[in-house]
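The block underneath contains the structure these notes are about, expressed in structure tokens.
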2 protein chains.
Amino acid sequence: MSRQAPTLEDVAREAGVSRATVSRVVNGVRNVDPAIQEQVQRAIERTGYAPNRAARSLVTRRAETIALVVSGAGSGPQETQEAFAARVFADPFFGRVVAGVVGFLRPRSMHPVLMFAESADDRHEVLTYLRQGRADGALVVSTHADDPLPTLLAAAKLPTVLFARPTPPVPLSYVDLDHRDGGRLAALALLERGCRRPATVTGPLAVSASQERLAGFRDTMARGGHPYVPLAEGGFTLDSGVFAMTQLLAEHPDVDGVFAANDLMAQGVCQLLRERGMRVPDDVAVIGFDDSGVARSCRPPLTTVRQPVERMAAEMARLLDQHIRGERTNPTSVVFDPELVVRETT
Amino acid sequence: MSRQAPTLEDVAREAGVSRATVSRVVNGVRNVDPAIQEQVQRAIERTGYAPNRAARSLVTRRAETIALVVSGAGSGPQETQEAFAARVFADPFFGRVVAGVVGFLRPRSMHPVLMFAESADDRHEVLTYLRQGRADGALVVSTHADDPLPTLLAAAKLPTVLFARPTPPVPLSYVDLDHRDGGRLAALALLERGCRRPATVTGPLAVSASQERLAGFRDTMARGGHPYVPLAEGGFTLDSGVFAMTQLLAEHPDVDGVFAANDLMAQGVCQLLRERGMRVPDDVAVIGFDDSGVARSCRPPLTTVRQPVERMAAEMARLLDQHIRGERTNPTSVVFDPELVVRETT
DNA sequence: TTGAAAGCGCTAACAA
DNA sequence: TTGTTAGCGCTTTCAA
């Protein structure tokens, strides 16, 4: 085999100083003579030294790593993790979460460990991973309301930040969006455009974000003179949007405005409408939610309620970092405001 | 603070044996009396012991972690890593890579560290990460042909497996698809359908996969009586597909069959065609490449050439694992075969 | 089959 | 400001 990787010892010998001194310059601790600093720096370059992380972690008790967990709520192995992962990334939402997290981590030379937790075994795996000190904390994005992971993490006192407020409450920090206000913005947009027969395709109603978006939408519609709004429940996928719209149309063929609880479903709604020969937005106005990539690539481009996922994810990482360093001990929450983005479907 | 996490020592004391014995049962080494094994097992449960990974890694010299690197070819910080990450995940391709990798890693209780390398700094970061022993090897997916990362990795003798054959050659294992054959399948499908005026929207021609797909397509078209096939270069994005098709139509308004080098561009082609009032497949047949999620959600569903990305990614992980364990020392390559998936655009 | 003991490479008191 | 030294928690010879 090739020779061993150089250690602190090697650098120290090369520079003619002690290991402690080399450690100090490596870690940028002050109180080191500039001349010696220079000397050590050169020795590091000559030897091609790279500090062994395991050794450092062993003493600092920090992995300088965080886990990014996408968590479902399955209890058995009904679905392989591979299938779950594939399904998850089909929604542009998760790519945005990754982008936001990476945006925060990158300047700190940190990189996330990606984990998918869909079964009880997976959840146990996440717990173990953290308890072994392989990661200092977890960022979790749940796809279901009754995800047991947050509770487990909180009970184990592991630093954690959630995307979205947990239901039931768990003493963990989280980042969220004012979904109700998002629903309100969507309703206002449809009302302003003069819609007379609005309808909505909701997200899974077990998810509180779906509930909130719906509540905000309904309340505002009620004030606008539409006490009853037909509704069909979707599953945040394109197909479910198509299906939900099919149902809606069956009972209310004269719908002239639809609020879909995410862009993917809104895209499905547009597809179906078009297949049925109805024009968007001339016959039916459509408004989505998220402002993900599909909103722009949809034909026509989608009017939608923007959720600043990247910023939210970066904020999650920032909060987790504070928890890990002990700069923050109590759970906190940060709620972002949605924003209407008008394109061509309204 | 809460009390320290239990160590081997604690378990040993609790079980009335030595640390060495506990270590043996934890690592499933044979030669341990079943009775004692049982005894230790219980002590582990009672104490809630979880082995400290840093300590273990320090002696085994294994992080039991691999890096999944998405690598561009930028040289400066023209684009933030966040923007790069967002762009990358806009293509369903990467989600499938993640899914495939996770599918292999999961049964081994391993999880990938996600890294994006778009600038020289990023690449240095990847090298350092591996040299520090934070990950045992890297899986790299390059988005550009002239990505310098593989060469750097090879020079540093770091275990690495690439997605796609590197150009110029680098002594590293890789997994690839027979792109030329994929182009052939696409041509055959169009020919069989009776297309008389075929055209193609290629991927970035700097990428060898694009070149190969094009070559296979052209050769087969030539044999089928179409020595010249109009072409427009795209960038693997939906927008570029729309743009390329616009160009094609401008010069060849009578096109009746289009092969787009990936599904995203094929979707763009379909959108434009529809906007121009041309029916798919009645007026123009369209065929994509990849068989990613968009192929199914596209209206009409896309006929496409399937690239088994998940299986390919899993194979990458398997090869890397072998390299890391020293079970394989020389670079190897595994080439998968494409497959035609007929849906409704031909 | 089990235990004693020597490190793995690093940081952080504590001394000098 | 620098060096000495004692571990961090684990695996792994080597003896018993």
Side-chain angles (χ1 to χ4, degrees), chain A residues 1 3-41 43-44 47-65 128-134 136 325, chain B residues 1 3-41 43-44 47-65 128-134 136 325:
Chain A
M1 294 304 293
R3 67 176 178 291
Q4 285 296 323
T7 70
L8 258 198
E9 185 76 53
D10 298 323
V11 180
R13 195 179 319 113
E14 179 83 16
V17 297
S18 72
R19 281 179 1 226
T21 300
V22 178
S23 175
R24 289 185 187 107
V25 349
V26 167
N27 293 292
V29 177
R30 59 183 179 292
N31 297 341
V32 179
D33 186 294
I36 294 204
Q37 215 166 114
E38 179 66 18
Q39 196 174 313
V40 170
Q41 210 54 268
I44 288 177
T47 54
Y49 172 73
N52 178 309
R53 292 301 310 209
R56 177 181 292 178
S57 290
L58 184 55
V59 23
T60 61
R61 306 180 154 285
R62 281 282 161 69
E64 299 292 349
T65 292
T128 300
Y129 199 88
L130 291 163
R131 288 171 17 90
Q132 293 186 334
R134 301 181 71 166
D136 304 318
R325 328 199 93 77
Chain B
M1 295 301 295
R3 68 175 177 293
Q4 285 298 320
T7 70
L8 258 198
E9 184 77 53
D10 299 321
V11 180
R13 196 178 318 111
E14 179 82 14
V17 298
S18 72
R19 286 183 353 231
T21 299
V22 178
S23 174
R24 289 185 188 108
V25 351
V26 167
N27 293 292
V29 177
R30 60 182 176 293
N31 296 343
V32 179
D33 186 294
I36 294 203
Q37 215 167 115
E38 179 66 18
Q39 196 173 313
V40 171
Q41 212 51 268
I44 289 178
T47 53
Y49 171 73
N52 178 308
R53 291 303 309 210
R56 178 181 290 179
S57 290
L58 185 54
V59 23
T60 62
R61 304 180 157 288
R62 281 281 161 70
E64 299 293 347
T65 292
T128 300
Y129 198 89
L130 290 163
R131 288 173 16 91
Q132 293 186 334
R134 301 181 72 168
D136 304 318
R325 327 198 94 78

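The shortest side-chain heavy-atom distance between Arg19(A) and Val22(A) does not fall under the 4.5 Å cut-off.
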Check against side-chain contact (heavy atoms from CB on, under 4.5 Å), Thr7(B) and Asn52(B): CA-CA 8 Å; Thr7(B) 70; Asn52(B) 178 308; over 6 Å; no

Show the numbers, then the answer: is there a side-chain contact (heavy atoms from CB on, under 4.5 Å) between Glu64(A) and Arg56(A)? CA-CA 10 Å; Glu64(A) 299 292 349; Arg56(A) 177 181 292 178; over 6 Å; no

Mind running side-chain contact (heavy atoms from CB on, under 4.5 Å) on Arg24(B) and Val17(B) for me, showing each step along the way? CA-CA 11 Å; Arg24(B) 289 185 188 108; Val17(B) 298; over 6 Å; no

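Chain A approaches DNA chain C over the interval dG9(C) to dA13(C), counting the first and last nucleotide 5' to 3' with an atom under 4.0 Å from its heavy atoms.
With hydrogens and angles disregarded, a donor-acceptor distance shorter than 3.5 Å links the side chain of Arg131(A) to the backbone of Gly48(B). Here the side chain of Glu14(B) pairs no donor or acceptor atom with the backbone of Ala43(B) at under 3.5 angstrom. Put simply, the side chain of Gln39(B) gets close to the backbone of Ala15(B): a donor and an acceptor are under 3.5 Å apart.
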Could you write nucleotides 7-16 of chain D as a row of B, S and -, 5' to 3', where a protein heavy atom under 4.0 Å of any base atom gives B, of only sugar-phosphate atoms gives S, and otherwise -? -BBBBBB---

